[in-house]
Q: 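Following this message is one structure expressed as structure tokens.
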Amino acid sequence: MKKIIPALTALLGSSVLSTTLAADVAPDLKVGETMYNELCINCHAEGIQNAPRLGVKNDWLHRLPVGLDTLYQAVIDGPNHMYSKAGSAVESEAQIRSMIAYMMDSVTDEDTKALINSATEEEKARYLRLNNGYKVYDMVCFECHNTGDAGAPRLGSPEEWAGRKDMGVEKLTESVINGKGHMYTRALTANYSAADFQSVVEYMLSTLEKQPGQQK
């Protein structure tokens, strides 16, 4: 699909070429560098809020396998503290893909190139579910589950999830939706679907796993 965005030239200069939305257009690393410096450098240079840092391989070891398409969708959805499309509504699909490709290229070498897009379709789908769960967690669940308030099992604390994780994702999701103990029904919010709550449960359980290179 194609989309012309007249404001791009005025905003970003004539060197930014991609006014066409097209997944099959090869990423332009020069455009990606421009996009990175315009939108991404503030968080991704220092790893603020766990943003994967440019040129730091360990930050990308669990991201490279899901490939460009999945990472693009994650950026559109807005992972955790990053707003959808990094808070800008102007950039085209081709530009955002170029930006992601530029960042991936910064950590691609003989050791890592075989990782790129090596994940299965289910692994890619799970990555996006966890991405959503991470975002919803920080909107709804963090206050109790970061601190253990009222006996809530803390994020990333295996001993506090012992006996709970064996219930499985579906049963735990039912507990969130129906309410349990000091936790209100649907965590006292009507803004999220059952699928959203399931993604939160999946995300919380995933923090008990060891992820290669993951900062959190």
Side-chain angles (χ1 to χ4, degrees), residues 39-40 42-44 46-53 59 62-63 66 69-91 96 100 119-216:
L39 295 175
C40 312
N42 288 342
C43 293
H44 286 276
E46 300 296 331
I48 293 173
Q49 300 290 6
N50 288 322
R53 291 165 290 180
D59 290 3
H62 70 290
R63 293 177 169 96
V66 301
D69 288 347
T70 302
L71 292 175
Y72 166 77
Q73 188 59 53
V75 171
I76 294 301
D77 292 342
N80 194 39
H81 297 279
M82 186 175 77
Y83 293 106
S84 175
K85 296 180 72 171
S88 175
V90 175
E91 286 65 41
I96 293 173
I100 298 168
T120 66
E121 292 305 310
E122 170 51 30
E123 288 168 338
K124 293 174 183 179
R126 183 174 186 261
Y127 181 90
L128 291 176
R129 291 197 304 271
L130 296 185
N131 180 72
N132 184 65
Y134 191 5
K135 178 172 57 177
V136 177
Y137 175 88
D138 265 14
M139 296 296 291
V140 179
C141 313
F142 75 95
E143 189 170 350
C144 293
H145 286 280
N146 275 8
T147 63
D149 187 43
R154 287 177 295 175
L155 196 71
S157 180
E159 62 276 9
E160 294 182 22
W161 284 89
R164 289 181 170 99
K165 67 178 182 179
D166 292 338
M167 293 171 61
V169 172
E170 289 187 9
K171 288 292 186 184
L172 289 171
T173 302
E174 287 177 13
S175 293
V176 176
I177 292 173
N178 296 329
K180 185 171 184 178
H182 294 281
M183 184 172 65
Y184 291 102
T185 300
R186 303 180 78 90
L188 204 60
T189 177
N191 297 329
Y192 298 99
S193 67
D196 287 325
F197 286 120
Q198 181 166 321
S199 73
V200 171
V201 170
E202 283 194 82
Y203 164 67
M204 295 181 75
L205 291 176
S206 78
T207 67
L208 308 177
E209 305 168 2
K210 177 89 173 157
Q211 292 288 343
Q214 197 166 22
Q215 295 178 63
K216 188 170 181 175

Q: Crowded around Met167 CE? As in, over 12 foreign heavy atoms under 6.0 Å?
A: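 Yes, CE of Met167 has more than 12 neighbouring heavy atoms, counting only those of other groups under 6.0 Å.
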
Q: Could you grab the distance from atom CG of Leu205 to atom CD of Glu209, nearest 0.5 Å is fine?
A: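 Result: 8.0 Å between the selected atoms.
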
Q: Hey, what do you get for CG (Leu155) to CD (Glu160), rounding to the nearest 0.5 Å?
A: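 Output value for this atom pair is 10.5 Å.
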
Q: Grab the two heavy atoms, one from Thr173 and one from Ala194, that are nearest each other, plus how far apart they are.
A: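 Taking every non-hydrogen atom into account, CG2-O, 4.0 Å.
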
Q: Of all the heavy-atom pairs spanning His44 and Pro52, show the shortest one and how long it is.
A: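 For His44 versus Pro52, the nearest heavy atoms are ND1-O, 2.7 Å.
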
Q: Report the C-alpha distance between Asp196 and Ser193 in whole Å, list the side-chain angles of each, state the deciding distance to 0.1 Å, and finish with yes or no for side chain to side chain donor-acceptor pair (under 3.5 Å).
A: CA-CA 5 Å; Asp196 287 325; Ser193 67; 3.3 Å; yes

Q: Going by an N to O cut-off under 4.0 Å, is there a salt bridge joining Glu123 and Arg126?
A: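 Salt bridge: no.
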
Q: Main chain of Leu208, side chain of Lys165: is a donor-acceptor contact present, judged purely on distance under 3.5 Å?
A: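 No, the answer is negative, given that no donor and acceptor are paired below the 3.5 Å cut-off.
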
Q: So if I apply the side-chain contact (heavy atoms from CB on, under 4.5 Å) rule between Val200 and each of Gln198, Glu202, Met204, which one comes out positive?
A: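 Output: one option passes, namely Met204.
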
Q: Please report the closest heavy-atom contact between Ala150 and His182, naming both atoms and the distance.
A: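 Taking Ala150 first and His182 second, the nearest heavy atoms are O-CD2, 3.5 Å.
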
Q: Assess whether atom CD of Gln73 is packed by more than 12 heavy atoms of other residues, nucleotides or ligands within 6.0 Å.
A: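 Correct, the count exceeds 12.
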
Q: Ring-plane angle category for His62 and Tyr127, please: parallel below 30°, perpendicular beyond 60°, tilted otherwise.
A: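 It falls in the tilted class, 30° to 60°.
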
Q: Does the side-chain contact (heavy atoms from CB on, under 4.5 Å) test come out yes or no for Thr189 and Phe197, once each step is laid out?
A: CA-CA 11 Å; Thr189 177; Phe197 286 120; 4.0 Å; yes

Q: Does the side chain of Met183 come within less than 4.5 Å of Cys144's, by heavy atoms?
A: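 Cys144 vs Met183: side chains apart.
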
Q: Using the side-chain contact (heavy atoms from CB on, under 4.5 Å) rule, pick out the option among Val75, Leu71, Leu39 that qualifies with Ile96.
A: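 Among the candidates, only Val75 passes.
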
Q: Which atom names give the shortest non-hydrogen contact between Tyr72 and Ile100, and what distance separates them?
A: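 Taking every non-hydrogen atom into account, CA-CD1, 3.4 Å.
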
Q: What is the minimum heavy-atom distance between Gly148 and Arg154, and which atoms define it?
A: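 Residues Gly148 and Arg154, closest heavy atoms: N-CG, 3.4 Å.
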
Q: Identify which one of Val176, Asn178, Ile177, Leu172 satisfies the side-chain contact (heavy atoms from CB on, under 4.5 Å) criterion when paired with Glu174.
A: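 Of the listed options, the one satisfying the test is Asn178.
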
Q: Looking only at non-hydrogen atoms, find the nearest pair between Ser157 and Glu159 and report the distance.
A: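 Nearest pair, atom of Ser157 first, then Glu159: OG-OE2, 3.0 Å.
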
Q: Relative to each other, are the rings of Tyr134 and Tyr203 parallel, tilted or perpendicular (30° and 60° limits)?
A: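 Ring orientation, 0 to 90° scale: parallel.
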
